[in-house]
Amino acid sequence: MEEDFEFGSPEEQKISVDRYEEMLRNEDQYFFDAKAFESIIDYYITKNDPIKALQVVEFAAAQHPFETMFLLKKAQLLASTMQFEPALEALSKAELLEPSEADIYLIRGTILSSLQDHSLAEENFFKALELSDSPDEIYYQIAGLYQMQGSYQKAIDYLQKCLALNHENQDALYEIAFCYDVLEKQEESVAFYNKYIDSDPYSFTAWYNLGNAYHKLEQFDAAIDAYDYSILIKENFSSAYFNKGNALVNLDRYHEAIDVYKQTFEYEPPTADTYCAIGECYEKLERMDEARQYYKKAVKLDANQSDAWFGIGVTLDFEERYFESLHFYKKALEIDDENADYWFAIADARYKLKQFDESIEAYSKVVELNSTDIEAWLDYSSLLYEQSKLNEAIEVISEAIKCNPDEALLYYRLVAYLFAAGQYNEALNFLEVALDSDPDKHHILFEYLPQLQGNKVILDIIKKFTEK
């Protein structure tokens with residue numbers, strides 16, 4: 001007795017695939033109706049085997065030469081294997097058969113977009129839009145095209161059109177967040193997601209992206225609330241837990257952050273990033289053994305996790321194990337040699353190990369990579385000063401001022417070096433510049449050179465600026 005199967009069911013698909021493969025083994029020709037062929041093609045696509053799927057398409061097109069669907073499948077499969085020209089040829093044949101089929105222009109637009117022919121891609125997408133009864137996917141593709149061209153506001157407009165028709169398009173919700181981020185319009189992002197949530201309060205993706213927007217605005221409490229709603233709707237949403245942990249870290253709530261980071265392990269395998277984040281929390285709590293334990297777990301999972309190697313170094317540095325810390329700082333630097341923080345830590349460790357020449361070299365690299373790091377400039381020049389390289393200290397702090405002309409601390413330090421070098425008139429000139437910039441910080445001068453506290457000329461100049 002023949003069994004009844006619903007079309008498209010796994011059972012029916014298996015029968016069709018088995019019969020097709022039997023045909024190949026027997027080197028015979030069996031007839032399949034169009035729906036059976038479509039099911040077989042989809043089976044091989046699901047198995048990520050485009051070559052076999054294309055083979056089926058050829059059989060299908062031979063038996064059903066006027067079926068546009070097989071030409072569309074062929075175009076998609078050829079495009080997926082980067083065979084763009086034959087894909088476009090298949091679409092041209094489909095257009096001759098059925099010029100009012102919207103998918104022809106949608107697929108062609110996608111291929112032309114990949115070929116960077118943006119103008120022609122746009123033309124095809126809008127042609128598809130005219131013909132389609134369900135334009136939400138076309139709006140999404142148009143948005144992607146505008147993103148490729150750097151027209152992020154246009155992309156947002158079309159992503160919103162897409163979502164107006166299809167609230168279930170999670171990709172569109174994420175892409176809007178990305179566009180607002182690139183445009184640095186986080187306030188608008190917050191407004192959009194709040195409005196979206198009013199119409200769809202159970203969208204965990206919208207709550208999550210709202211949390212991210214608040215996070216970027218440094219409104220961490222609001223971000224945590226949004227992440228909590230996202231988790232409430234989707235309990236196993238590990239990314240929301242992780243980002244909530246990051247927000248808690250920014251509020252110095254390290255114990256809570258550790259608990260939240262660990263919750264991600266209930267829903268996905270631990271990652272090096274999560275282990276590293278937990279390690280940083282323990283480090284902030286000065287629980288260095290536990291911090292080191294988690295940093296080691298991170299590098300065991302991912303040997304290229306430079307921040308974890310660096311973290312191990314920080315924990316050892318805290319315990320005054322400077323030689324050991326230097327080894328791990330170097331490991332981090334091997335992975336990311338353009339990281340100014342790593343060079344700074346190496347400079348400091350070298351200094352503590354009395355390797356002064358190497359420390360000077362490392363400091364020079366720090367300020368080369370990050371010329372706005374005031375602390376690095378001050379430490380660099382101070383080391384030169386301690387090594388009796390006074391002229392070099394003056395040169396370094398002068399360069400620091402060129403890079404950071406509004407930083408009063410640098411002027412006060414230059415004043416101290418100029419006095420130490422006996423360049424009194426120049427020192428007094430720069431003292432006035434420093435006082436004009438920030439008179440309240442004049443005590444810094446005396447902290448560095450306490451002997452100047454009895455200098456009447458200096459005191460009179462300071463009095464002139466502080467008693468205005």
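We number each residue from 1, following the sequence as shown.
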Ring geometry between [Y] and [X] (parallel below 30°, tilted from 30 to 60°, perpendicular above 60°):
X	Y	result
Phe192	Tyr196	tilted
Phe220	His215	perpendicular
Tyr152	Phe178	perpendicular

**Message:** Test of understanding: with side-chain contact (heavy atoms from CB on, under 4.5 Å), list the residues that count as partners of Glu407, not counting sequence neighbours.
**Reply:**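 side-chain contact (heavy atoms from CB on, under 4.5 Å) check on Glu407 returns Ile374, Asn404, Leu409, Leu410, Lys441.
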
Side chains of [X] and [Y] only: does a donor on one sit below 3.5 Å from an acceptor on the other?
X	Y	result
Asn250	Glu218	no
Asn212	Tyr227	yes
Glu392	Tyr380	no
Gln147	Lys154	no
Ser371	Asp373	no
Thr315	Tyr282	no
Tyr417	Ser381	yes
Tyr254	Asp252	yes
Tyr424	Asn429	no
Thr81	Gln83	yes
Asn169	Asp136	no
Tyr208	Asn243	yes
His118	Glu122	no
Tyr261	Asn246	yes
Ser113	Thr110	no
Glu280	Tyr294	no
Tyr295	Glu283	yes

Hey, does the side chain of [X] reach the backbone of [Y] with a donor-acceptor pair shorter than 3.5 angstrom?
X	Y	value
Trp343	Asp337	yes
Ser359	Ala347	yes
Tyr411	Pro405	yes
Asp436	Glu432	no

**Fill in**
Heavy atoms of Trp207 and Pro201 approach each other most closely as NE1-O, 2.9 Å

With a cut-off of under 6.0 Å to the ring centre and 45° to the axis, is [X] in cation-pi contact with [Y]?
X	Y	result
Lys262	Phe265	no
Arg413	Tyr448	yes
Lys127	Tyr105	yes

Using 4.0 Å as the upper bound for N to carboxylate O, is an ion pair formed by [Y] and [X]?
X	Y	result
Lys456	Asp460	yes
Glu95	Arg108	yes
Arg253	Asp221	yes
Glu319	Arg292	yes

Please report the interatomic distance [atom1]([X]) to [atom2]([Y]), rounded to the nearest 0.5 Å.
X	Y	atom1	atom2	answer
Gln453	Asn455	CD	CG	11.0 Å
Phe84	Asp117	CZ	CG	12.5 Å
Glu268	Ser239	CD	OG	6.5 Å
Ile107	Phe125	CD1	CZ	10.5 Å
Cys179	Tyr146	SG	OH	13.0 Å
Asp181	Glu175	CG	CD	11.5 Å

**Asked** Using the benzene-type ring in the case of Trp, are the ring centres of Tyr267 and Tyr241 under 6.0 Å apart?
**Response**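 Aromatic pair counts; centres sit under 6.0 Å.
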
**Request:** Could you check Lys73 against Asp42 for salt bridge (Lys or Arg N to Asp or Glu O under 4.0 Å), going step by step and ending with a plain yes or no?
**Result:** CA-CA 9 Å; Lys73 293 275 188 188; Asp42 289 343; 2.7 Å; yes

Which pairs of donor and acceptor atoms, one on a side chain in residues 394-402, lie under 3.5 Å apart (sequence neighbours left out)?
| unit_1 | atom_1 | unit_2 | atom_2 | d |
| --- | --- | --- | --- | --- |
| Ser398 | OG | Ile394 | O | 2.7 |

**Item:** Any Asp317 side-chain heavy atom under 4.5 Å of Tyr329 side chain
**Value:**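 Yes, side chains in contact.
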
**Item:** side-chain hydrogen bond (donor to acceptor under 3.5 Å, both in side chains) partners of Tyr229, counting only residues at least two apart
**Value:**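 None.
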
**Message:** Working note: Tyr158 + Tyr140, criterion side-chain contact (heavy atoms from CB on, under 4.5 Å); need CA distance, chi angles, decisive distance, verdict.
**Reply:** CA-CA 7 Å; Tyr158 279 90; Tyr140 182 75; over 6 Å; no

